[in-house]
Trainee: 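The structure's right below; bear with me while I get my questions together.
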Amino acid sequence: MHLSLIIPIYNERENIPLLHQQITAALEGWKHSYEILCVDDGSTDGSAERLRELAARDPRVKLVRFRRNYGQSAAMQAGIDHAAGDVLVTLDGDLQNDPADIPLLVARLEEGYDLVHGWRQHRQDAWLTRTLPSRIANWIISRTTGFPIHDLGCTLKAIRRDIAADLELYGEMHRFIPILAHWKGARCLEVVTRHHPRRFGRTKYGLSRTFRVLLDLLTVQFLLYYSASPMKLFGMIGLGCGAASLLSGLATVGMKLAWNEDMTGNPLLLLTALLAIVAVQFLSLGLLGEICTRLYFGSQNRCHYTIRERVNLEVSDAETSPASLRVHRRAA
């Protein structure tokens with residue numbers, strides 16, 4: 001087994017040498033070979049120079065540099081695209097994740113799981129501005145998605161390559177990796193990992209990030225349940241608005257017949273017209289969504305399912321997803 005450690009770096013100049021020392025100490029004499037793939041997300045504090053120095057001394061250190069800051073999801077995706085390992089391990093570059101937990105995660109992965117993610121049970125962060133909002137957000141996400149998890153924000157994860165290759169990370173979707181992987185059929189496990197207070201630099205996360213994560217939750221919910229058939233969502237809303245418009249129209253006519261109410265001055269008539277227009281719009285949006293979904297899956301040779309195993313079958317390029325093709329080409 002070959003291991004790829006994916007580490008997004010953004011202004012962590014003081015932490016980089018110490019992180020390399022901790023990783024080397026944690027994996028010294030380990031039975032698996034590994035590479036350290038650092039993705040510099042547009043750092044401006046000299047982090048790139050430190051990474052180049054490490055790469056010159058240690059050939060296991062690989063570096064991918066962005067032209068500017070694109071965010072952690074983009075850095076994670078770049079790490080997945082450039083990694084060569086059979087197992088990918090992601091961790092932060094701020095020394096708060098403990099590299100000594102990596103063998104534990106990989107060992108649980110070898111038990112048959114596809115993804116093992118950390119749980120910072122004893123989190124060493126400010127309680128009011130980071131720990132409490134994170135717990136509230138995790139509780140909401142767990143209840144909304146039905147996926148039992150305590151700590152979506154923990155970057156420390158071990159994931160098999162075939163699962164990672166099927167992920168599409170953008171925006172701030174890196175936080176939802178366990179949920180997205182579970183949706184694709186991955187067997188996931190959460191384990192308690194160590195967490196340390198930040199020693200150098202400043203945190204890149206604040207209270208405002210919690211609200212952005214909750215907004216991304218709406219996107220995840222749509223992807224989980226309605227990405228393959230948007231009409232199920234927009235069509236039901238449209239039918240509901242249409243039914244409400246019909247009831248409002250019948251009430252308007254009934255008031256005219258029973259009490260000779262002026263229909264032009266009745267607000268229910270305006271509500272009837274408004275709901276009818278909204279119903280048509282939602283139904284049209286559902287149809288457009290269905291067309292876009294068919295174009296997405298058809299033109300890019302994508303499938304809305306994933307296959308865990310094939311037996312006595314030869315896999316042709318036409319049967320393989322673009323993400324898997326990248327893996328096969330890289331392996332070749």
Trainee: Would you kindly confirm whether I179 and W119 end up in one hydrophobic cluster when ILVMFWY residues are joined by side chain heavy atoms under 4.5 Å apart?
Mentor: no

Trainee: Charged N to carboxylate O under 4.0 angstrom, D166 versus K184?
Mentor: no

Trainee: Taking NZ in K232 as the centre, count heavy atoms belonging to other residues, nucleotides or ligands within less than 6.0 Å. Is the count above 12?
Mentor: no

Trainee: What do you reckon, is CE of M263 surrounded by more than 12 foreign heavy atoms closer than 6.0 Å?
Mentor: yes

Trainee: Is the closest basic N to carboxylate O distance between R161 and D86 below 4.0 Å?
Mentor: no

Trainee: Is the positively charged end of R68 above the ring of F66, judged by distance under 6.0 angstrom from the centroid and angle within 45° of the axis?
Mentor: no

Trainee: For the pair T90 (side chain) and I6 (backbone), establish whether a donor and an acceptor sit closer than 3.5 Å, ignoring hydrogens and angles.
Mentor: no

Trainee: Classify the angle between the aromatic ring planes of H117 and F147 as parallel (below 30°), tilted (30 to 60°) or perpendicular (above 60°).
Mentor: tilted

Trainee: Taking all non-hydrogen atoms of both residues, which atom of L152 and which atom of N138 are closest, and how far apart?
Mentor: N-OD1, 2.9 Å

Trainee: Looking at D94 and R198, is there a salt bridge between them, counting it only when a charged N and a carboxylate O are closer than 4.0 Å?
Mentor: yes

Trainee: Enumerate the side-chain hydrogen bond (donor to acceptor under 3.5 Å, both in side chains) contacts for residues 55-65, please, sequence neighbours excluded, ordered by first and then second residue.
Mentor: H20-D58, Y34-R60, E35-K62, D40-R65, D58-R60

Trainee: Which label fits H32 and W30: parallel for a plane angle under 30°, tilted from 30 to 60°, or perpendicular past 60°?
Mentor: perpendicular

